[in-house]
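The structure under discussion appears below in the form of structure tokens.
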Amino acid sequence: MTTEASPTRIDPADKSMDAIVALCKRRGFIYPASEIYGGINGFWDYGPLGVELKNNLRDRWWRDLVKRPPVGPDGREVDIVGIDSAIIQNPSVWVASGHVGGFSDPMQTCRQCKKLFRADHIAEMLCDSAWVTALSEVIGIGHTGEAEVDTGALQKWAQRKAKKLAPGLIVVRDKESASLAALEQGAHTLAQVLQVVAGVAAPCPNCGGDLTEAREFNLMFESHAGAVQDDANKVYLRPETAQGIFTNFKNVLDTMRVRMPFGIAQIGKSFRNEVTPRNFIFRSREFEQMEMEWFCHPDDARKWYDFWVADRQEWWESLGVDKANLLRRDHDDDELAHYSTACADVEYLWPFTAPDFGELEGISHRGCFDLSRHQEHSKQKLEYFDQERNERYIPHVIEPAAGLTRGVLLLICEAFTPDETRASKVYLRFNPSLAPIQAAVFPLVNKDGMPEVAEKLYRDLRSDWTVQCDVKQSIGKRYARMDEAGTPFCFTIDSDTLNDQTVTVRYRDTQHQERIGIDTVRDFMAGHVGL
RNA sequence: GCGGGUGUAGCUCAAUGGUAGAGCCCCAGCCUUCCAAGCUGGUGGUGAGGGUUCGAUUCCCUCUACCCGCUCCA
């Protein structure tokens, strides 16, 4: 049997993103959005093959969580229901969630060295800054306290070592306009010295230059509901699907006879006005998420957190992703959001991050933060009465949140396999059950009754799988095209078929061929692709 | 947002201040009995706008998209 090829592993760093982007467009996976108008930064369109791939991944996630959920740590299948909430919600949702106001990060740029900083990080970065440390040694003042300043030594430092260390300082750039005289009398703090040598109170941690004003940057897209476009009817496009789950927690509880612990899953578009969309569809402004909120008793939250972190990584492995390309990374304590007690990422070895890994899915222990906030803002009771425990509580939440569109990129990157020996020079090694085209049917030549047989087989398979039939051009060209599209199996009808009712099946990964009965093709597909 | 790089056909690459070419791909027809074969024909392009010029793909300006870095995140 030659279904499973085991090619030597290709280092993701050797996979060219340019080549992947070009293939995606050439074969109808992903196009730049509104390309005929010059495109638009941060948006991408999914072509005929791209949408099949995306739908297959989406359906697999839904199947494996909602329809055929995993077995939990207590040995029983977990209970998860789905919802599909509106992209636009009452704006109060985003006030409660903290996205209005809190989700934007004011940024400042240094006018001298052009580096970009988060405004709320500047003070801390100044403390750690190499040039500030050097300065404090020269003048003998620590980060706290005060002392008299030897302006002569300071002057000497400014004109020598600081030229390399902090070229942005005003005393370095323009010693005339920086008056060290102000430091000659009495004792001074480090902050006062910084003000004089930099000309500003909070200089650039990197070079000592002056920073621009903090620019507010709201990550949420805004629109208006209704005829009048004023602030009174301002609405937001959701930046995550999760909040639609929290706002429906009570509805699901009241209508679905669910009991703790249980989950609510949702797949859908989210929108973030990213400062810098990058790396093809990896970070785009419109993207699709697959999120599940797992509600449980506070005492059980840690157990479930551990369960879901392991389960989610295993799920990606179950799609055929090379284990060597997946990594679990637990967040450090100082990395955690204030409401979160634990967070882990499933990371992938992306071609553009290699040799580093980059985030694919995050599993967050959110405690009771979200439901508490919504209870507070909405004035609605979001507690759960647990009959078994005879206890009333706000459930704790474990949130596995994956990027669907990011997952599509993973599948493409993972499948991308250069092969100089092939006509196509590259093929996509998709898991057969996820491939956008699962099989192709070819008549070897377009005559002698073969096209008719091919047509019949094609129609027969089409009801259960995504199949294409192609009668044009040489057989080699058709195989090559299917290699690039990632079609795992091609069935070819030749003159023998007419006599003995067999067809050739050609395996994408090995290019090997074998003959099987035409009446066993359905079984073959069921066995190799699934139903 | 700032800095650097890039932008000629679907792809790879030419060319020129004076009618933008080739190979491959793609499409049609013929041919073809298993891996982009052959023959004939065909579609299709200077990212967008403005300026200089008799004439701009070429020179200048603006915008835009993509890639890299700072930063952020599903």
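A, B, ... follow the sequence lines: proteins, then strands. Residue 1 opens every chain.
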Quick one: label [X] by what it contacts on the DNA or RNA (base, sugar-phosphate, nothing), any heavy atom closer than 4.0 Å.
{"X": "Thr497(A)", "value": "nothing"}
{"X": "Leu404(A)", "value": "nothing"}
{"X": "Gly42(A)", "value": "sugar-phosphate"}
{"X": "Asp448(A)", "value": "base"}
{"X": "Ala402(A)", "value": "sugar-phosphate"}

Which nucleotide, in any strand shown, forms a Watson-Crick or G-U wobble pair with [N], with both distances under 3.5 Å?
{"N": "rA14(B)", "answer": "none"}
{"N": "rC34(B)", "answer": "none"}
{"N": "rC39(B)", "answer": "rG29(B)"}
{"N": "rU71(B)", "answer": "none"}
{"N": "rG49(B)", "answer": "rC61(B)"}

When rounded to the nearest Å, what value does the distance between [atom1] atoms of [N] and [M] take?
{"N": "rG42(B)", "M": "rA22(B)", "atom1": "P", "answer": "12 Å"}
{"N": "rU58(B)", "M": "rA9(B)", "atom1": "P", "answer": "15 Å"}
{"N": "rU40(B)", "M": "rC24(B)", "atom1": "P", "answer": "12 Å"}
{"N": "rG1(B)", "M": "rU43(B)", "atom1": "C1'", "answer": "43 Å"}
{"N": "rC13(B)", "M": "rU6(B)", "atom1": "P", "answer": "14 Å"}
{"N": "rC59(B)", "M": "rG17(B)", "atom1": "P", "answer": "9 Å"}
{"N": "rG47(B)", "M": "rU57(B)", "atom1": "P", "answer": "10 Å"}
{"N": "rC11(B)", "M": "rG45(B)", "atom1": "P", "answer": "13 Å"}

Interatomic distance where [atom1] belongs to [X] and [atom2] belongs to [N] [whole Å]:
{"X": "Phe117(A)", "N": "rG3(B)", "atom1": "CZ", "atom2": "C1'", "answer": "14 Å"}
{"X": "Lys447(A)", "N": "rC30(B)", "atom1": "NZ", "atom2": "P", "answer": "11 Å"}
{"X": "Ile122(A)", "N": "rU71(B)", "atom1": "CD1", "atom2": "P", "answer": "12 Å"}
{"X": "Trp44(A)", "N": "rC67(B)", "atom1": "CH2", "atom2": "C1'", "answer": "10 Å"}
{"X": "Tyr31(A)", "N": "rG10(B)", "atom1": "OH", "atom2": "C1'", "answer": "11 Å"}
{"X": "Lys25(A)", "N": "rC67(B)", "atom1": "NZ", "atom2": "C1'", "answer": "16 Å"}
{"X": "Asp470(A)", "N": "rC27(B)", "atom1": "CG", "atom2": "P", "answer": "8 Å"}
{"X": "Gln473(A)", "N": "rC30(B)", "atom1": "CD", "atom2": "P", "answer": "13 Å"}

Kindly indicate whether the side chain of [X] and the base of [N] share any N or O donor-acceptor pair separated by less than 3.5 Å?
{"X": "Glu274(A)", "N": "rC73(B)", "value": "no"}
{"X": "Arg406(A)", "N": "rC73(B)", "value": "yes"}
{"X": "Thr504(A)", "N": "rC34(B)", "value": "yes"}
{"X": "Arg283(A)", "N": "rC72(B)", "value": "yes"}

Using only heavy-atom distances, determine whether the side chains of [X] and [Y] contain a donor-acceptor pair under 3.5 Å.
{"X": "Ser85(A)", "Y": "Gln266(A)", "value": "yes"}
{"X": "Trp350(A)", "Y": "Asn279(A)", "value": "no"}
{"X": "Tyr479(A)", "Y": "Thr492(A)", "value": "yes"}

Name the closest nucleotide to the [X] side chain, picking from [options].
{"X": "Leu444(A)", "options": "rC34(B), rU71(B), rA74(B)", "value": "rC34(B)"}
{"X": "Lys472(A)", "options": "rG29(B), rU32(B), rC35(B)", "value": "rG29(B)"}
{"X": "Phe282(A)", "options": "rC34(B), rC73(B), rA74(B)", "value": "rC73(B)"}

Q: For Trp94(A) and Arg238(A), indicate whether the former's side chain and the latter's backbone hold a donor-acceptor pair under 3.5 Å.
A: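 No, because the side chain of Trp94(A) does not come within donor-acceptor range (under 3.5 Å) of the backbone of Arg238(A).
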Q | NZ or CZ of Lys15(A) within 45° of Phe416(A) ring axis and under 6.0 Å | A |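 The answer is no; the distance or angle limit is not met.
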(Q) Whether Arg422(A) engages the ring of Tyr427(A) as a cation-pi pair (distance to the six-membered ring centre under 6.0 angstrom, angle to the ring normal within 45°) should be assessed. (A)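 Geometry flag: set, cation within 6.0 Å and 45°.
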(Q) Applying the side chain to side chain donor-acceptor pair (under 3.5 Å) criterion to Asp370(A), which one of Arg373(A), His374(A), Arg366(A) satisfies it? (A)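 Looking at Arg373(A), His374(A), Arg366(A), the match for Asp370(A) under the side chain to side chain donor-acceptor pair (under 3.5 Å) is Arg366(A).
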Q: Would you mind telling me which of Lys54(A), Arg406(A), Arg58(A) makes a salt bridge (Lys or Arg N to Asp or Glu O under 4.0 Å) with Glu288(A)?
A: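 That would be Lys54(A).
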List, with names and distances, any nitrogen or oxygen atoms from the protein found under 3.5 Å away from nitrogen or oxygen atoms belonging to nucleotides 36-46 of chain B.
unit_1  : atom_1 : unit_2    : atom_2 : d
rA36(B) : O4'    : Lys477(A) : N      : 3.4
rA36(B) : N7     : Ala423(A) : O      : 2.4
rA36(B) : N7     : Ser424(A) : N      : 3.2
rA37(B) : OP2    : Ser474(A) : OG     : 2.6

(Q) Check Arg329(A) with Asp356(A), please: is the shortest side-chain N to carboxylate O separation under 4.0 Å? (A)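 No.
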Q.
Closest-nucleotide mapping onto RNA chain B: is Asp345(A) or Asp494(A) further toward the 5' terminus? I mean the 5' end.
A.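 Looking at RNA chain B, the more 5' nearest nucleotide goes with Asp494(A).
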Q) If each of Gln511(A) and Ala401(A) is mapped to the nucleotide of RNA chain B with the nearest heavy atom, which maps nearer the 5' terminus, i.e. the 5' end? A)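 Looking at the nearest nucleotide for each, Gln511(A) comes out on the 5' side.
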Q) Under 4.0 Å: is that the gap between some side-chain N or O of Asn41(A) and OP1 or OP2 of rU64(B)? A)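 No, Asn41(A) has no side-chain N/O under 4.0 Å of OP1/OP2 on rU64(B).
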**Q.** Under 4.0 angstrom between Asn279(A) side-chain N/O and rC73(B) OP1 or OP2
**A.**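 So the side-chain polar atoms of Asn279(A) never come under 4.0 Å of the phosphate oxygens OP1 or OP2 of rC73(B).
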Q) Aromatic ring centroids of Tyr507(A) and Phe489(A) under 6.0 Å? A)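 For Tyr507(A) and Phe489(A), the ring centres are under 6.0 Å apart.
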